[in-house]
Enquirer: 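Would you mind keeping the following structure in view while I ask a few things?
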Amino acid sequence: MERRYFISNADAASFRGRVLNRNKFRDEKLDKMHWTLAPFTIYLGVKGQIPNLEHHNYFLGSNFRGYADTIFTSSISPQKPYYYVNVSSKSFPECAPEGCENIFILCPVPDLRYKANWDDREELAQNIIDDLSERVGYDISGNIMTKKIMDPIEWEGAFNLYKGSGLGLAHDMDQVGAFRPKNKDEKYGNLYYVGASTTPGTGLPMVVISSKLVMERLEEDYGIL
Ligand SMILES: Cc1cc2nc3c(=O)[nH]c(=O)nc-3n(C[C@H](O)[C@H](O)[C@H](O)COP(=O)(O)OP(=O)(O)OC[C@H]3O[C@@H](n4cnc5c(N)ncnc54)[C@H](O)[C@@H]3O)c2cc1C
């Protein structure tokens, strides 16, 4: 008899709740779990070369602990945000027209449980761009050739990220190992899960390992594939 199996790459927690209607994973329960940061990202094409930027740059204030403890559960936009800037054109000039920079800015922000309205996205982006301009001593605003912003609502829509959480379920003690949503479904013996919110965890290396673990399970369950 032919054996069929299914592998879901959707978020392993919210898929169980929203698609399979499992009580344990309905939104009210998921909302009480710990989720990783929501991303607020800005993509800029800028005229001119900016001397005080490297390929990888972090811009933090003097109170990282206090900032990190409060900002992710706050309903207001960060006024003095902490953010990461990647300038790929520093290492790969072909990423931008000659004499220009290709800039990606990632700012961790509250997810949609805490801040559902992002009508202030332009204001937040401008805050970040102004702050960056000041720190590096270059008029970025006046030299923008292209600009694209993605707020948590758009990140949620693009990849079905639960409430805009960028990396899925967090790695708190009660959300790792046996406590994390399993990679084999509790009810359907031929349904498996890969990705950030199942085992072993979130981030690209872990996600790749999650697919290896499922392959191993399939080999155990079905013999050589
Ligand atoms: C801005 C940002 C920066 C990041 N930076 C890093 C980094 O520097 N290093 C790092 O290790 N990780 C980083 N991550 C995290 C990393 O990208 C994720 O952990 C990883 O991509 C998760 O892989 P995944 O396969 O679980 O989900 P995804 O890569 O999101 O793939 C899931 C796929 O399933 C689709 N899908 C979802 N639901 C359904 C459904 N119901 N039906 C059909 N299809 C569905 C989605 O559209 C998507 O294509 C970052 C994430 C973000 C958002």
Side-chain angles (χ1 to χ4, degrees), residues 11 13-14 27 30-31 33-46 50 52-90 95-96 101-136 138-172 195-197 202-204 207:
D11 183 277
S14 66
D27 276 21
L30 295 184
D31 282 351
M33 298 174 88
H34 288 129
W35 293 85
T36 51
L37 61 92
F40 182 89
T41 51
I42 309 168
Y43 306 81
L44 297 175
V46 176
I50 307 176
N52 293 328
L53 278 175
E54 308 291 336
H55 187 138
H56 297 282
N57 313 262
Y58 288 94
F59 292 96
L60 309 175
S62 54
N63 177 24
F64 183 74
R65 168 58 63 192
Y67 180 87
D69 282 349
T70 53
I71 189 60
F72 301 129
T73 53
S74 162
S75 61
I76 54 161
S77 274
Q79 290 305 307
K80 278 218 157 285
Y82 292 13
Y83 52 91
Y84 162 74
V85 179
N86 183 298
V87 190
S88 58
S89 44
K90 291 292 182 197
C95 289
E101 302 282 25
N102 176 19
I103 300 180
F104 162 74
I105 303 173
L106 168 62
C107 180
V109 292
D111 68 41
L112 300 175
R113 288 174 300 171
Y114 303 106
K115 181 169 161 50
N117 186 317
W118 285 89
D119 288 351
D120 56 355
R121 64 206 292 277
E122 288 291 340
E123 189 194 333
L124 174 58
Q126 196 56 50
N127 272 347
I128 295 171
I129 293 167
D130 289 346
D131 187 68
L132 180 60
S133 297
E134 201 180 309
R135 288 180 189 249
V136 299
Y138 189 87
D139 175 19
I140 295 175
S141 285
N143 287 288
I144 290 176
M145 300 166 77
T146 62
K147 179 170 87 172
K148 178 176 167 61
I149 301 170
M150 272 184 78
D151 63 35
I153 298 173
E154 287 162 299
W155 277 105
E156 176 188 50
F159 297 108
N160 198 18
L161 301 180
Y162 186 72
K163 305 273 164 107
S165 163
L167 290 88
L169 278 178
H171 287 172
D172 296 62
S197 288
T202 185
L204 291 177
V207 164

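Since the structure is predicted, the reported quantities are computational estimates derived from the model, not experimental observations. The basis for the numbers below is simple: all heavy atoms, side chains too, and nothing from hydrogens, waters or symmetry mates.
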Enquirer: If we count only N and O atoms by modelled type, under 3.5 Å, do the side chains of Thr41 and Trp155 hold a donor and an acceptor together?
Expert: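 Per modelled atom types, Thr41 and Trp155 side chains form a pair under 3.5 Å.
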
Enquirer: Counting only N and O atoms by type, is there a donor-acceptor contact under 3.5 Å from the side chain of Tyr43 to the main-chain atoms of Asn102?
Expert: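 No: the side chain of Tyr43 does not pair with the backbone of Asn102.
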
Enquirer: Atom NE2 of His55 and atom CG of Leu53: how far apart are they, to the nearest 0.5 Å?
Expert: 11.5 Å

Enquirer: Verify, without hydrogens or angle tests, whether Thr202 (side chain) and Leu167 (backbone) share a donor-acceptor contact under 3.5 angstrom.
Expert: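 Yes, because the side chain of Thr202 sits within donor-acceptor range (under 3.5 Å) of the backbone of Leu167.
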
Enquirer: Between Ser197 (side chain only) and Leu169 (backbone N and O only), is there a donor and an acceptor less than 3.5 Å apart?
Expert: yes

Enquirer: Can you confirm whether Leu124 sits close enough to Val109 that some side-chain heavy atom of one is under 4.5 Å from a side-chain heavy atom of the other?
Expert: yes

Enquirer: Should Met145 and Val46 be marked as a side chain to side chain contact (heavy atoms under 4.5 Å, CB included) after you check the CA-CA gap, both sets of side-chain angles, and the distance that decides it?
Expert: CA-CA 5 Å; Met145 300 166 77; Val46 176; over 6 Å; no

Enquirer: At what distance, to the nearest 0.5 angstrom, does CZ of Phe59 lie from CD1 of Ile105?
Expert: 9.0 Å

Enquirer: With rounding to the nearest 0.5 Å, note down the distance linking CD1 in Ile50 to CG in Asn143.
Expert: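 Reported to 0.5 Å precision, the distance equals 8.0 Å.
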
Enquirer: Is Lys115 salt-bridged to Asp120, cutoff N-O under 4.0 Å?
Expert: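 Looking at Asp120 together with Lys115, the answer is yes, because their closest N to O distance falls below 4.0 Å.
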
Enquirer: Knowing that exactly one of Glu54, His56, Glu101 qualifies, which makes a side-chain hydrogen bond (donor to acceptor under 3.5 Å, both in side chains) with Lys90?
Expert: Glu101

Enquirer: Decide yes or no on side chain to side chain contact (heavy atoms under 4.5 Å, CB included) for Asn52 and Tyr138, but give the supporting numbers first.
Expert: CA-CA 8 Å; Asn52 293 328; Tyr138 189 87; over 6 Å; no

Enquirer: The criterion is side-chain hydrogen bond (donor to acceptor under 3.5 Å, both in side chains); which residues satisfy it with Ser133, sequence neighbours excluded?
Expert: none

Enquirer: Between the side chains of Asn57 and Tyr83, does any donor sit under 3.5 Å from an acceptor?
Expert: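 Absent: no donor and acceptor within the cut-off.
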
Enquirer: Can you tell me if Lys148 uses its side chain to pair, donor with acceptor, with the backbone of Met150 under 3.5 Å?
Expert: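 No: the side chain of Lys148 does not pair with the backbone of Met150.
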
Enquirer: Between Asp111 and Lys163, is there a side-chain N and carboxylate O pair less than 4.0 Å apart?
Expert: no

Enquirer: Could you tell me whether a side-chain N or O of Trp118 sits under 3.5 Å from a main-chain N or O of Phe40, the two making a donor and an acceptor?
Expert: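 Not at all, since once roles are kept as given, no pair shorter than 3.5 Å links the two residues.
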
Enquirer: Looking at side-chain heavy atoms only, is the closest gap between Ile144 and Ile129 below 4.5 Å?
Expert: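 Ile144 reaches Ile129 side chain to side chain.
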
Enquirer: Between Leu44 and Ile140, is a side chain to side chain contact (heavy atoms under 4.5 Å, CB included) present by the stated rule, with each step listed?
Expert: CA-CA 9 Å; Leu44 297 175; Ile140 295 175; 4.0 Å; yes

Enquirer: Go through the structure and list residues passing ring pair (Phe, Tyr, Trp, His ring centres under 6.0 Å) with Tyr82, not counting sequence neighbours.
Expert: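 Phe64, Tyr67.
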
Enquirer: More than 12 heavy atoms of other residues, nucleotides or ligands under 6.0 Å from CD of Gln126: is that the case?
Expert: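 Yes, enclosed.
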
Enquirer: For Thr36 and Gly168, indicate whether the former's side chain and the latter's backbone hold a donor-acceptor pair under 3.5 Å.
Expert: yes

Enquirer: Nearest 0.5 Å please: distance from the CD atom of Glu134 over to the CG atom of Asp139.
Expert: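 The distance works out to 12.0 Å.
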
Enquirer: Going through the distances and angles, do Asp11 and Phe159 end up as a side chain to side chain contact (heavy atoms under 4.5 Å, CB included)?
Expert: CA-CA 9 Å; Asp11 183 277; Phe159 297 108; over 6 Å; no

